[in-house]
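Just below is one structure, and these are the notes that go with it.
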Amino acid sequence: MTGCALAGPLAVIAAAGCAGAAEWPRATPESQGVDAGRLRAAVQYMDDRFQPDGARQLVILRNGWLIHEGPEVDAYHPIFSCTKTFTSTVLGLLIDDGKCTLDTRVIDVLPEMADEFPAYAQIRLRHLASMRGGYQGVVEGVSDDQPWGDPLAYFRPQPPTFEAGTQIAYNDHDVHLLGRVLMRLSGEPLADVFRRRIAEPIGMAQWEWGACGTLDGLTYYNAAGTPCAKGGGGVRTTALELARLGQLYLNGGEWSGARVLSPGFVAEASRSHIPADLPGRSHRMLAGRYGLYWWTNGVRDDDTRPWPSAPPGAFAAHGHTANYCFVIPEWQMVIVRLGSAAIGRIGEDDVLWEGFFSRLAAAVQERPRVTRIGIADGRWQINGAVTYTGAAAEGLLLNVRMVNAVFEDRNRTDFDPEANTDEFIAALPEYVRCGVRAFTLNLQGGFPDYEGALNSAFEADGTLRTEYVARVERVIEACDRERATVILGCFYQRQDQVLRDEAAVREGVKNVVGWLAGRGLTNVLLEIANEFGHGGFDHGVLRSADGQVGLIELARRTAAEHGHPLLVSTSGLGDARVGDRVAEASDFLLVHLNSTPLAEIPNRLAALRRFGKPIVVNEDDKVGEEAARAAELCVEAGVSWGYMGFAVNQRFPFEFHGAADDPIVYRKLAGLSSAQ
């Protein structure tokens, strides 16, 4: 390290490193562009769901400043397989020194490896560092203290499990072999290299790397982090200390103005080295998203990312018992969460982290909105481009009714609204891949197929309930990331009784528009009421055409006052009819086809063409072949069709399985939205 005379947060960290202290500079979330309330919501989610340890060992850094720390961030314990990134970091140092490359063969360093098994001559360091080596050692000495056996036994070669580079298999055999190669190249124990070249420059003081014996005349430190008897189980440290390694990677290998690790290696380590179609026993777990012992947010073979709400460049060290160190370059964040017990299997971990990131994304204020919905020459546009160019549905807005993705019932305790929304957000990218470009939500939800639910984003006076609109915003944000839109309804029959009078209804409309404008949500269309005139509405303003016209005009005036672009409409009953006054007041026509037979659809839609406005069907409860035919008829008429999967998405308990909700329907939507 070249000195400590620097500006900004790293100057404080550098001074701490020089003095041997371990303090991070602290700042408020707001000072670093993070909404404190939404950050608290994300932390609370973790504390509730990441059991048994919750968020007690959670550290969040932004721009080098500590903006959140749990009460136990100094807890000192093993981090298990997070140790692997310490090992790959030593690899990076030796590459920087010119002692090897990722294409160096193991036998160039350990020529004896191919004596008994010639196939091992094909293993390169890049294979070992990305779990593609196929190396197999001996597993022995298995006990409660070391359930993966004695690490030193791994160095007695057995027949390979596969040819190097041809498969992906998460294992400790490759890691231990890489550790031995690195020792031979450096002539030093791994911990000594890491301490001198990494830990000391970045001020990492509270850590130790467990030794598990002697190898080649040197102390062998457990390269894989596997539990091992007598304290030889990899690295032990704290969340605050591990955050230093994360910050080093976030900085591209620099610390306090000095180059500690090359940016080229940081980039290599943090990108996926595994093709999405690479086979192997760890295909489902690692393919498309594994770097050099870092887990990435790469695209898997189903075209999804593990953490859709996190930026694509996010990557993480991951160890047993839910120990994680996330590095998120796009957000300039490091997030460390350590614990003592597992929170779920690998796939379950990803779902929980996605729930956390979907909340955190709302807190990172300066993330620009990327999706903008509009109409030009009677055709729908997203970001200024006509939808589905070259497809049968060109200029249309194929949509799905998902009102119960944000459902809650304050009268029952056996339903988790946050988990329900998480499940929908996880499935959302698949719906989009099938051609869906809009999802209908409602601030009073939909009928869950039972009476008596209390489901409303409004208080009696028309103010908005924070916890409800936070769920809605998470879905809108998820749609924004997928270049999709939301048709957001305000009022629903059986629920408008929550509002005490018509003045509260009007206040509710103004509050919704103000909220959309304040959050800069440009991918939202507004629906005043779902099926206005329905007998389940109490307030006259929601039953009459004149009332709806007044509320549409109120919404439009309020949006203009805020300088916020907003298209407004309201929907009628299932007969595909819209009265003249409502049609003239609306920016686009919203109709339902639930009770409209296939044979009558063309004439009903033709009757609406005289208004010269885009027509959107946002509710049709037909299923299977009948629904697919309804979609065809609508598209042929230049009308945007919308599916309502009542049995799956609308009826409690709600399910969201992507195309599996109705394979025939989603196959048809994919065909209608694909260029010919």
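Scanning all heavy atoms of the two residues, the minimum distance from Pro227 to Phe80 falls at CG-CE2, 3.7 Å. Annotation for Cys82 and Gly319: closest pair SG-N, 3.5 Å, computed over non-hydrogen atoms. Considering every non-hydrogen atom in both Pro71 and Ala55, the closest pair reads CD-O, 4.5 Å. Of all heavy-atom pairs spanning Val59 and Ala243, the tightest one is CG1-CB, 4.2 Å. Of all the heavy atoms in Pro329 and Val327, the pair that sits closest is CD-O, 3.5 Å. Closest heavy-atom contact between Asp74 and Thr238: O-CG2, 3.4 Å.
Annotation: side chain of Val364 is in contact with side chain of Met333 (closest heavy-atom distance under 4.5 Å). Contact check for Val34 versus Ile60: no side-chain heavy atoms found under the 4.5 Å cut-off. Side-chain contact between Leu91 and Cys100 is present, with at least one heavy-atom pair separated by less than 4.5 Å.
Interatomic distance, Trp207 CH2 to Glu241 CD, rounded to the nearest 0.5 Å: 10.5 Å. Taking CG of Leu190 as the start and OG1 of Thr87 as the end, the distance is 5.5 Å to the nearest 0.5 Å. Taken from CZ in Arg300 to CD1 in Ile274, the straight-line distance is 14.5 Å, to the nearest 0.5 Å. Note: Ile95 CD1 to Ser262 OG = 8.0 Å, rounded to the nearest 0.5 Å. Here OG1 of Thr226 is found 9.0 Å from CG of Asp150. Values are rounded to the nearest 0.5 Å. A distance of 5.5 Å separates CH2 in Trp255 from CZ in Arg244, rounded to the nearest 0.5 Å.
Asp103 and Thr101 share no donor-acceptor pair across their side chains, judged by distance under 3.5 Å alone. Between the side chains of Trp209 and Asn222, no donor-acceptor pair is found at a separation under 3.5 Å. For Ser81 and Tyr170, the side-chain atoms include at least one donor-acceptor pair closer than 3.5 Å. In this structure, a donor-acceptor pair under 3.5 Å is absent between the side chains of Tyr135 and His127.
Aromatic pair Tyr221/Phe194: ring centres not closer than 6.0 Å. Outside the 6.0 Å centre-distance limit, the rings of Trp295 and Phe315 are not counted as a close aromatic pair.
With salt bridges taken as basic N to acidic carboxylate O contacts below 4.0 Å, one links Glu188 and Arg196. A salt bridge between Asp96 and Arg197 is absent, with no side-chain N of the basic residue lying under 4.0 Å from a carboxylate O of the acidic one. With respect to the salt-bridge test (charged N to carboxylate O, under 4.0 angstrom), the residues Arg359 and Asp422 qualify. Remark: Glu330 does not engage Arg481 in a salt bridge, criterion side-chain N to carboxylate O under 4.0 Å. A salt bridge does not link Arg132 with Asp174: none of the charged nitrogens is closer than 4.0 Å to a carboxylate oxygen. The pair Arg474-Glu418 meets the salt-bridge criterion, since a charged nitrogen lies less than 4.0 angstrom from a carboxylate oxygen.
With hydrogens and angles ignored, the 3.5 Å screen pairs no side-chain donor or acceptor of Trp307 with any backbone N or O of Trp353. For Arg433 (side chain) and Ala659 (main-chain N/O), no donor-acceptor pair under 3.5 Å exists by modelled atom type. With hydrogens and angles ignored, the 3.5 Å screen pairs no side-chain donor or acceptor of Glu477 with any backbone N or O of Ser358. Using a distance-only test at 3.5 Å, with no hydrogens or angles considered, no donor-acceptor pair links the side chain of Gln247 to the main chain of Val334. Of the possible polar contacts, none joining the Ser130 side chain to the Gly291 backbone as a donor-acceptor pair under 3.5 Å is found. When atom types are taken as modelled, the side chain of Tyr431 and the backbone of Gly658 share a donor-acceptor pair closer than 3.5 angstrom. Of the possible donor and acceptor atoms, none in the side chain of Asp47 sits under 3.5 Å from a partner among the backbone N and O of Val43.
A 6.0 Å sphere centred on CZ of Arg281 holds more than 12 heavy atoms belonging to other residues, nucleotides or ligands. Within 6.0 Å of atom CZ in Arg40, 12 or fewer heavy atoms from other residues, nucleotides or ligands are found, so the atom counts as exposed in its surroundings.
Using a 30° and 60° split on the angle between ring planes, Tyr249 and Trp294 fall in the tilted class, from 30° to 60°. Taking the six-membered ring where the residue is Trp, Phe117 and Tyr120 present perpendicular rings, their angle passing 60° and hence far from 30°.
Geometrically, Arg180 engages Phe155 in a cation-pi contact defined by less than 6.0 Å to the ring centre and at most 45° from the axis.
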Handout entry: Asp145 vs Ser143, side chain to side chain donor-acceptor pair (under 3.5 Å): CA-CA, chis, key distance, verdict
Key = CA-CA 5 Å; Asp145 286 338; Ser143 67; 5.0 Å; no
